Protein chains: 4
Amino acid sequence: MISVGIVGGTGYTGAELLRLLVRHPQVDLRVLTSRQEAGKRADSLFPQLRGKTDLTFSVPAVESLAACRAVFFATPHGTAMQMAPELLRRGVKVFDLSADFRLRDAAQFGKWYRHEHAAPELLAEAAYGLPELNRESVRKARLVACAGCYPTSVQLGFAPLLEAGLVDPSSLIADCKSGVSGAGRELKLGSLFCEAADSMKAYGVAGHRHLPEIEQGLAVAAGRPVRLTFVPHLVPMNRGIHATLYAKLAKDADLHAVFARRYAGEPFVDVLPPGEHPETRSVRGANHCRLSVFRPGGGDTVVVLSAIDNLVKGAAGQAVQCFNLAFGLEEAAGLDAPALWP
Amino acid sequence: MISVGIVGGTGYTGAELLRLLVRHPQVDLRVLTSRQEAGKRADSLFPQLRGKTDLTFSVPAVESLAACRAVFFATPHGTAMQMAPELLRRGVKVFDLSADFRLRDAAQFGKWYRHEHAAPELLAEAAYGLPELNRESVRKARLVACAGCYPTSVQLGFAPLLEAGLVDPSSLIADCKSGVSGAGRELKLGSLFCEAADSMKAYGVAGHRHLPEIEQGLAVAAGRPVRLTFVPHLVPMNRGIHATLYAKLAKDADLHAVFARRYAGEPFVDVLPPGEHPETRSVRGANHCRLSVFRPGGGDTVVVLSAIDNLVKGAAGQAVQCFNLAFGLEEAAGLDAPALWP
Amino acid sequence: MISVGIVGGTGYTGAELLRLLVRHPQVDLRVLTSRQEAGKRADSLFPQLRGKTDLTFSVPAVESLAACRAVFFATPHGTAMQMAPELLRRGVKVFDLSADFRLRDAAQFGKWYRHEHAAPELLAEAAYGLPELNRESVRKARLVACAGCYPTSVQLGFAPLLEAGLVDPSSLIADCKSGVSGAGRELKLGSLFCEAADSMKAYGVAGHRHLPEIEQGLAVAAGRPVRLTFVPHLVPMNRGIHATLYAKLAKDADLHAVFARRYAGEPFVDVLPPGEHPETRSVRGANHCRLSVFRPGGGDTVVVLSAIDNLVKGAAGQAVQCFNLAFGLEEAAGLDAPALWP
Amino acid sequence: MISVGIVGGTGYTGAELLRLLVRHPQVDLRVLTSRQEAGKRADSLFPQLRGKTDLTFSVPAVESLAACRAVFFATPHGTAMQMAPELLRRGVKVFDLSADFRLRDAAQFGKWYRHEHAAPELLAEAAYGLPELNRESVRKARLVACAGCYPTSVQLGFAPLLEAGLVDPSSLIADCKSGVSGAGRELKLGSLFCEAADSMKAYGVAGHRHLPEIEQGLAVAAGRPVRLTFVPHLVPMNRGIHATLYAKLAKDADLHAVFARRYAGEPFVDVLPPGEHPETRSVRGANHCRLSVFRPGGGDTVVVLSAIDNLVKGAAGQAVQCFNLAFGLEEAAGLDAPALWP
């Protein structure tokens with residue numbers, strides 16, 4: 001059993017980590033921190049966990065966390081960068097679900113997150129936690145910067161095309177739709193039920209923090225810089241991201257075969273039969289990404305559809321997948337439950 | 001491993017049985033029938049099961065089903081009563097999720113379901129599948145009539161009060177609210193998204209088929225006939241039943257203590273701390289019933305709140321729980337996943 | 001044209017007042033206040049009003065408000081009681097959508113709202129703004145305490161039975177379900193989309209502020225004190241209240257006829273044909289209350305179903321209806337639009 | 001008063017026409033047809049209209065319809081083409097909300113709707129009912145083919161750019177999201193609440209019937225053929241379309257100014273202030289289209305956001321707007337109510 005701590009267990013990704021880890025066959029969940037809820041039982045905040053865990057929130061402290069072999073950060077950006085260096089020094093493996101270690105370039109981080117980076121020396125070392133694109137780095141990592149939710153859905157959809165040089169990397173479009181849990185559990189007007197229900201909208205069209213992360217990842221896949229137009233939307237559902245991706249074909253190919261080959265053997269990427277469209281509910285609560293590829297009207301625009309659960313493959317599930325790899329466990333350990341449908 | 005068949009696997013309860021049984025550690029799922037979908041793979045209808053099962057729908061046939069040790073019926077009423085007698089003769093244990101064997105009295109069945117009963121001789125034998133009220137019968141049963149969704153939520157809520165003689169059994173009220181999956185997957189106008197979303201209503205106030213089933217069960221708990229006013233409502237959510245129960249106190253008692261004692265040791269009934277209110281999402285996808293009891297203003301009306309997932313504790317999960325009991329397995333086998341939240 | 005001001009126009013009831021008043025044929029909307037949004041145009045907060053009004057939020061000030069003939073308070077409790085006395089002195093008619101003047105007894109107000117009343121001398125004078133029960137008082141009033149949302153749905157449902165002495169007033173039950181806009185637009189965890197969507201729950205079972213208001217009104221209808229068990233629930237929809245009311249019949253009667261007679265000629269109360277169930281969407285955006293009455297199984301429990309839009313008949317629409325009466329206008333002026341469906 | 005008939009008043013667009021026309025100051029609604037519901041009162045199907053109309057459904061018949069001055073078709077495709085020729089001969093103006101007369105080319109109609117056109121001689125005459133692009137034709141028309149819902153949202157968004165020659169017409173992309181009412185009121189599995197709620201998906205990516213209609217309209221705006229990739233999505237909300245449009249800039253311009261100028265004076269097109277994003281709820285129940293235009297990162301991709309209510313500006317409201325024009329009424333008659341929010 002591997003002793004594990006979670007920093008910041010009161011938001012949706014923290015609760016989702018709890019849901020997954022209390023059932024993980026090789027995890028001994030020891031520490032759960034929240035400055036605000038310290039002293040309360042986890043199941044008093046999360047009645048769905050009654051009978052599943054006796055954990056109590058504690059104030060985040062290096063001492064208790066350092067006694068764990070792995071620590072997950074389910075915090076807003078700015079926290080992991082403060083605590084990770086000391087934990088790594090003490091031999092703890094760190095899985096950061098926030099954005100702190102995703103961008104290789106500290107200046108880019110500063111620009112998009114308006115926050116000077118507190119541990120820029122770790123940026124080069126941090127493994128980008130998207131196993132399908134970066135499995136070997138994750139296996140060997142001490143510090144994993146788990147990929148963001150939008151970035152996961154977009155990169156898994158574009159990677160086969162860019163790696164094979166099939167599309168023009170200079171004019172990619174990602175039209176992404178997210179459930180409201182993607183906005184987190186903070187008290188924001190736009191996250192109120194009556195602001196989000198029975199309505200939808202785009203947001204951040206002028207610029208969104210996930211753009212540099214996606215472009216950085218796609219550039220690796222393409223072997224050269226890419227240019228992406230990224231438009232996120234808010235959709236009235238709890239969970240789920242649906243990315244609709246557009247690119248110009250640079251050469252002809254059997255697109256479905258390209259995708260099927262690229263993801264053959266991947267436990268969590270499912271290329272649907274030709275002509276089918278993924279629904280986000282088909283991955284609700286599951287760590288899968290379902291993909292389809294189309295070439296409408298036989299033209300030169302390729303359309304990729306990519307569906308994930310933002311809290312699972314887009315956050316907590318991916319972190320557990322990275323954890324499994326980093327500790328040499330079966331990659332799907334604790335991640336085998338089918339989606340909840342409907 | 002116990003070989004299992006499912007008759008009628010295309011509705012919501014059938015899909016839920018599949019979700020639970022593909023992960024059940026002692027189940028070997030062999031047969032899945034649907035007259036209409038025969039020949040198709042289960043995962044072509046249910047993409048959420050891709051990679052989880054290779055089963056193909058077949059036409060329902062006694063031969064293939066009789067080769068299983070257990071058969072679940074996830075069919076509308078009227079089917080199980082036709083096939084169960086022969087399966088029982090051949091030594092198969094039958095778990096019926098429909099209403100066919102729930103009422104002890106064939107005349108009552110005929111009255112409420114407008115259908116003459118095809119196997120009235122089995123009504124006396126059938127165990128009523130609500131383990132918390134009837135565990136020993138279920139353990140010994142060949143034929144289990146799994147309790148309905150509303151009846152489960154109402155009986156678990158009233159039982160402690162009636163068994164202890166604390167309330168007047170002649171004027172019980174159950175105000176129940178159900179998610180739309182309770183209406184099944186048939187094409188009915190009222191089940192369309194735009195008919196049910198952002199709205200709610202009562203239905204069947206003049207009389208609902210679950211009334212005689214609930215009154216029959218409560219009469220057992222009370223040791224005498226009861227009189228219930230039962231008003232079901234449709235609420236715009238996928239899953240979940242919330243029953244709000246009202247009764248007149250006949251004598252004083254520490255109501256929370258009565259509930260806590262009654263359900264101590266029950267793996268799937270959770271009495272919340274005093275003052276808390278259960279949310280249906282706290283049992284989404286889980287086999288639990290969460291209960292609260294109140295005595296507003298210290299008056300003589302007791303209010304019980306009872307929340308279940310209609311597709312799990314109200315259908316497929318309860319059937320698996322009964323199956324576990326009937327085969328001497330651990331009662332919670334295959335039913336350990338926490339609720340999906342949010 | 002009647003000059004009108006609104007105090008507190010940034011919440012859901014304030015926005016709903018705006019929606020109704022910008023189209024009201026006899027209203028000249030002059031003042032709109034919000035301390036926090038002072039200086040901003042109303043349509044910058046509420047894009048749905050672009051092209052409908054040029055109003056700008058101002059700091060609430062007696063001077064500008066006193067220049068209006070009518071002032072609506074769409075504020076939390078505690079504000080109207082501060083400003084109403086001076087406005088009344090200056091000859092302004094006041095329509096308070098908050099709870100400040102609903103309870104006749106200042107001590108009751110203090111108990112339930114934990115706030116000493118600042119203008120107890122006005123409590124006796126304030127007309128209770130539920131025209132169907134109190135039309136003449138409203139017509140003559142300077143100060144109208146518009147009825148709350150739950151209280152409206154419950155009182156309209158019970159009044160015909162209590163006035164006719166048909167039910168036992170000592171054991172009334174109101175099981176009420178509300179859309180999330182009933183909780184207001186403040187930033188509360190329970191109002192977040194991901195906390196409320198696809199789930200439901202009861203709340204405040206031990207005691208809710210609307211209880212004394214309802215009991216006070218029902219006592220008038222009954223001609224003696226009543227005893228009510230009131231259980232509110234939160235349902236995942238934007239708007240709408242569905243009250244399901246239970247009472248013991250004291251004598252026999254043609255219940256549908258009693259309701260039809262009681263509300264004959266009422267422009268906003270609609271008694272449905274026997275056997276029909278009201279849906280909240282049938283009053284979405286409209287000032288109607290739709291009612292049904294049932295006697296399940298011919299027993300002695302009567303069930304009344306009552307549906308309103310909490311923001312219209314439960315708040316802004318009712319206030320406009322009271323305003324129309326108080327100014328001698330047609331009662332339905334500005335309130336004639338049919339419900340939005342679906 | 002203008003006498004009006006509606007053919008096919010039982011679906012969502014028919015019900016929406018009823019909602020708008022019962023309040024239209026110059027409309028005398030005389031005939032409402034439905035083969036299936038003939039003999040029933042409209043308000044027995046649509047309780048939201050109780051007290052608003054006494055109309056009864058009748059079997060569709062030329063005689064009664066020909067006595068009206070205007071007839072609206074709210075039918076599936078294939079009906080209007082059968083009845084319109086005779087009605088036109090008798091001097092009735094026809095407003096068709098179906099697709100029958102939208103495509104100029106009968107062969108295109110046959111290809112996409114799999115139906116030979118019954119009145120190809122009328123295709124050249126029919127005015128395309130999108131007043132902002134085609135107002136003068138609509139004013140003079142006897143037969144108006146009201147624009148479809150997706151086509152309206154897409155054409156209003158692209159027109160300013162294409163008319164001004166600012167974008168490359170050969171690689172347009174329209175990523176459109178629709179509420180479920182866009183799928184109509186037929187009993188289809190995918191329209192069930194539990195199939196659509198808390199989930200989303202693309203559909204018809206390989207080809208959708210609205211594509212040729214949109215390309216036909218955009219070609220007029222561009223003055224030459226265009227090439228469009230059109231991907232519709234289903235979103236869990238009742239009403240609303242959000243179109244996110246992408247094009248390559250061909251030359252530089254102040255994009256916001258281009259839009260503001262193009263739609264200056266339009267009563268129903270609202271160009272938002274720079275940087276704002278339209279929400280579908282801001283047009284819920286209203287005939288408006290709200291637009292924003294962005295140039296993310298200052299690159300050469302322009303992004304237009306376009307929000308309408310699919311049942312109003314995308315169907316019934318647009319038909320009323322066309323009716324107003326064709327009869328010389330004020331263009332906004334009967335269409336002045338603000339959106340219902342929330």
Side-chain angles (χ1 to χ4, degrees), chain B residues 170-173 175 177-179 190 192-208 211 227-231 233-242 244 246 248 274-275 277-284 292-297 299-303 305 307 341-342, chain C residues 170-173 175 177-179 190 192-208 211 227-231 233-242 244 246 248 274-275 277-284 292-297 299-303 305 307 341-342:
Chain B
S170 73
S171 65
L172 304 172
I173 291 172
D175 189 291
K177 300 88 174 170
S178 175
L192 292 185
F193 183 90
C194 291
E195 304 294 313
D198 203 40
S199 187
M200 73 162 292
K201 64 173 179 184
Y203 65 99
V205 180
H208 184 285
L211 176 61
R227 182 77 192 248
L228 174 73
T229 300
F230 168 51
V231 178
H233 301 75
L234 194 68
V235 170
M237 55 188 189
N238 279 322
R239 293 164 175 251
I241 283 180
H242 186 287
T244 313
Y246 303 89
K248 282 277 160 234
H277 306 80
E279 301 178 87
T280 59
R281 64 178 182 150
S282 80
V283 294
R284 186 189 288 130
S292 295
V293 59
F294 289 87
R295 190 174 167 180
D300 65 351
T301 299
V302 54
V303 178
L305 311 178
W341 180 100
Chain C
S170 73
S171 65
L172 305 172
I173 291 172
D175 188 291
K177 300 88 174 171
S178 175
L192 292 185
F193 183 91
C194 292
E195 303 294 312
D198 203 41
S199 187
M200 74 163 290
K201 63 172 180 185
Y203 65 99
V205 179
H208 184 282
L211 177 62
R227 182 76 193 247
L228 174 73
T229 301
F230 169 51
V231 177
H233 301 75
L234 193 70
V235 169
M237 55 190 190
N238 278 322
R239 291 164 175 252
I241 284 181
H242 186 288
T244 311
Y246 302 89
K248 280 280 158 231
H277 306 79
E279 301 178 88
T280 60
R281 64 178 183 150
S282 81
V283 293
R284 188 192 287 131
S292 294
V293 58
F294 288 86
R295 190 175 167 179
D300 64 352
T301 299
V302 54
V303 179
L305 311 178
W341 179 102

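Order of the sequence lines sets the chain letters (A, B, ...), proteins ahead of strands, with each chain counted from 1. Excluded from the calculations below are hydrogen atoms, water molecules and symmetry mates; all remaining heavy atoms, backbone and side chain alike, are included. For clarity, every value in this text was computed on a predicted model and none was experimentally measured.
The heavy-atom pair separating C:Ala202 from B:His242 by the smallest distance is N-NE2, 3.5 Å.
Considering only heavy atoms from C-beta on, C:Val235 stays 4.5 Å or farther from B:Met237 through its side chain. At least one side-chain heavy atom of B:Arg281 sits less than 4.5 Å from a side-chain heavy atom of B:Pro342. At a threshold of 4.5 Å between non-hydrogen side-chain atoms, the residues C:Thr280 and C:Arg239 do not count as touching.
Taking chain C as the reference chain and counting heavy-atom pairs below 4.5 Å, the highest number among B:Lys201, B:Arg227, B:Met200 is found for B:Met200. Here B:Thr244 is the residue among B:Leu234, B:Thr244, B:Thr301 with the most heavy-atom pairs under 4.5 Å with chain C. With chain B as partner, the option from C:Asp300, C:Leu305, C:Val231 having the largest number of non-hydrogen pairs under 4.5 angstrom is C:Val231. Top candidate by heavy-atom pairs under 4.5 Å with chain B, chosen from C:Gly179, C:Gly275, C:Pro296, C:Ser292, is C:Pro296. Taking C:Cys194, C:Ala197, C:Gly240 one by one and counting their heavy-atom pairs under 4.5 Å with chain B, the maximum is reached by C:Cys194.
Contact annotation for B:Pro236: both backbone and side-chain heavy atoms come within less than 4.5 Å of a heavy atom of chain C. In this structure, chain C has no heavy atom under 4.5 Å from any part of B:Arg295. With a 4.5 Å cut-off on non-hydrogen atoms, B:Ala307 does not touch chain C at all. In this structure, chain C has heavy atoms under 4.5 Å from both the backbone and the side chain of B:Val205.
For the side-chain hydrogen bond (donor to acceptor under 3.5 Å, both in side chains) test, residues two or more places apart in sequence or in another chain that qualify with B:Arg284 are C:Asp198. Among residues two or more places apart in sequence or in another chain, the ring pair (Phe, Tyr, Trp, His ring centres under 6.0 Å) test is passed with B:His277 by B:Phe294.
A donor and an acceptor atom, one from each side chain of B:Ser170 and B:Lys248, are nowhere located under 3.5 Å apart.
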